[in-house]
Amino acid sequence: MASRINIGRPTSTSYQGPDPHGFANSRPSSGYRAANPDAPLERIRAISKQVEDAIEIYSQPLKPHLPAIGRFLIIVTFYEDALRITTQWTDQLWYLQTHRHFYWGVSHLFLLLNVITMLVASTAVIMKRHTEYAVIGLLSVVVIQGFGYGLMFDLTFFLRNLSVIGGLIMVFSETMINKKKSFAGIPSMSETDRKKYFLLAGRVLLIFLFLGFIIQGKWSIGRIFMSLFGLAACTMVAVGFKAKWSATFLVILLSVFNVFANNWWSVHSAHPQRDFLKYDFFQTLSIVGGLILLVNIGPGGLSVDEKKKTY
């Protein structure tokens, strides 16, 4: 080709000045500019990678047991509630008949159905038998008790129960299977698509417990810092960004908070505050169980973490 440039052997007719195109540069090119390791963003990424690697390494011995631990913690609040109703049967009947105006007999049936459903469904979740129906049964208990005890419109109760529902949805998404029967003419989602949406719903609902913590109680310096860090971690869980890391952080944070703030064992058995602290303690354990399942199975397809793998 007449226009070819002789790079290897410059002739007497070649231009002897500086090469404007860098053809004479003897240094090999890597093809891209390396990121500056001292940049703040790169430092954050490096630290985040170290934390993720540490979590992956130290969680290996527990990893085979995480699903069982998560499931048990999620349903332990229902076991505790069934035991509380059974041991306080007379007090429960008095409250429903006096304050909620339940008819005699209806109150008995209400409590009995709640106890049986919670015991049977919780055991089914642990044994992984008919999990979908068991989760639906426990979801029904959450809703029915909210209306039955008149607490559905109590904001703190409502937010806590949304988080419990989130934990149950995490169980549901973990054990979801394809329906054998499909209806003609109606498009159906695959198991993968359904799991993505259920995991998204579970992630979002799990964080409402922490929102309830933020809006109640007295403020202090420690509470402000805990709220800020917790809210950041909740946001990361909701959008699925570094979801396993942020869920692990919330597991540790909520576990420590639960032991110190909901220490019902230190309150006298005759004190009315004991039952409230006990209820909060076991409900918080349920949300911790949901977060443990999130750590085990990941945030799902509708998450920032999954999109980063794609792009």
Side-chain angles (χ1 to χ4, degrees), residues 55-56 58-85 114-143 145 160-178 191-192 194-210 237 240 243-244 246-255 258-259 262 278-300 303:
I55 292 173
E56 190 68 26
Y58 291 110
S59 66
Q60 284 301 320
L62 280 175
K63 205 160 189 179
H65 308 289
L66 286 181
I69 294 172
R71 282 169 173 259
F72 175 76
L73 291 178
I74 286 171
I75 58 87
V76 72
T77 186
F78 296 100
Y79 275 133
E80 188 276 331
D81 197 27
L83 179 63
R84 180 176 54 84
I85 291 176
N114 272 274
V115 169
I116 293 175
T117 302
M118 287 188 289
L119 291 177
V120 173
S122 298
T123 304
V125 168
I126 291 180
M127 297 179 64
K128 298 185 178 181
R129 301 292 300 271
H130 307 292
T131 308
E132 296 83 3
Y133 299 107
V135 169
I136 292 173
L138 293 176
L139 287 173
S140 301
V141 168
V142 172
V143 176
Q145 283 195 357
R160 282 181 173 276
N161 277 276
L162 283 181
S163 292
V164 173
I165 290 172
L168 291 173
I169 290 177
M170 295 299 293
V171 174
F172 191 86
S173 61
E174 187 198 26
T175 58
M176 199 168 358
I177 57 174
N178 284 319
E191 180 184 357
T192 303
R194 288 198 301 269
K195 184 174 288 188
K196 287 193 301 184
Y197 288 109
F198 275 103
L199 281 172
L200 173 62
R203 290 198 328 259
V204 172
L205 290 175
L206 277 173
I207 68 172
F208 279 97
L209 169 73
F210 204 87
V237 166
K244 289 189 176 184
S246 51
T248 302
F249 173 76
L250 283 176
V251 166
I252 297 171
L253 186 67
L254 287 175
S255 299
N258 204 24
V259 170
N262 297 323
K278 197 174 183 180
Y279 172 80
D280 290 346
F281 178 83
F282 283 100
Q283 275 215 321
T284 304
L285 282 185
S286 181
I287 286 86
V288 169
L291 290 168
I292 288 175
L293 281 187
L294 175 59
V295 173
N296 183 61
I297 64 181
S303 63

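Quantities reported herein were computed from a predicted structural model and do not represent experimental measurements.
- Pairing each heavy atom of Gly289 with each of Ile74, the nearest pair is C-CG1, 3.6 Å.
- With values rounded to the nearest 0.5 angstrom, Asp280 atom CG is found 8.5 Å from Asn258 atom CG.
- Taking each heavy atom of Ala124 and Thr131 in turn, the nearest pair found is O-OG1, 4.4 Å.
- Note that CG of Leu162 is 10.5 Å distant from CD1 of Ile207, once rounded to the nearest 0.5 Å.
- Shortest non-hydrogen contact noted between Leu199 and Ser173 is CD2-OG, 3.4 Å.
- A donor-acceptor contact closer than 3.5 angstrom links the side chains of Gln145 and Asp81.
- Going from atom CD1 of Ile169 over to atom CG of Leu139 covers 6.5 Å, rounded to the nearest 0.5 Å.
- Atom CZ of Arg160 sits about 14.0 Å away from atom CD1 of Ile165, to the nearest 0.5 Å.
- The OG atom of Ser122 sits 11.5 Å away from the CD atom of Glu80 when rounded to the nearest 0.5 Å.
- Distance alone, capped at 3.5 Å, is enough to place a donor-acceptor pair between the Ser163 side chain and the Leu205 backbone.
- Taking each heavy atom of Pro67 and Asn296 in turn, the nearest pair found is CG-ND2, 3.3 Å.
- Between Glu132 and Phe172, the closest side-chain pair of non-hydrogen atoms falls below 4.5 Å.
- When all heavy atoms of Asn161 and Tyr279 are compared, the pair lying nearest together is ND2-OH, 3.7 Å.
- Residues Leu119 and Ala82 come closest through the heavy atom pair CD2-CB, 3.8 Å.
- For the pair Ile287 and Val164, the minimum side-chain heavy-atom distance is below 4.5 Å.
- A donor-acceptor contact shorter than 3.5 Å is absent between the side chain of Arg71 and the backbone of Ile126.
- Rounded to the nearest 0.5 Å, atoms CD1 (Ile75) and CG (Leu168) are 10.0 Å apart.
- Looking only at side-chain heavy atoms (C-beta outward), Phe78 and Val142 come within less than 4.5 Å of each other.
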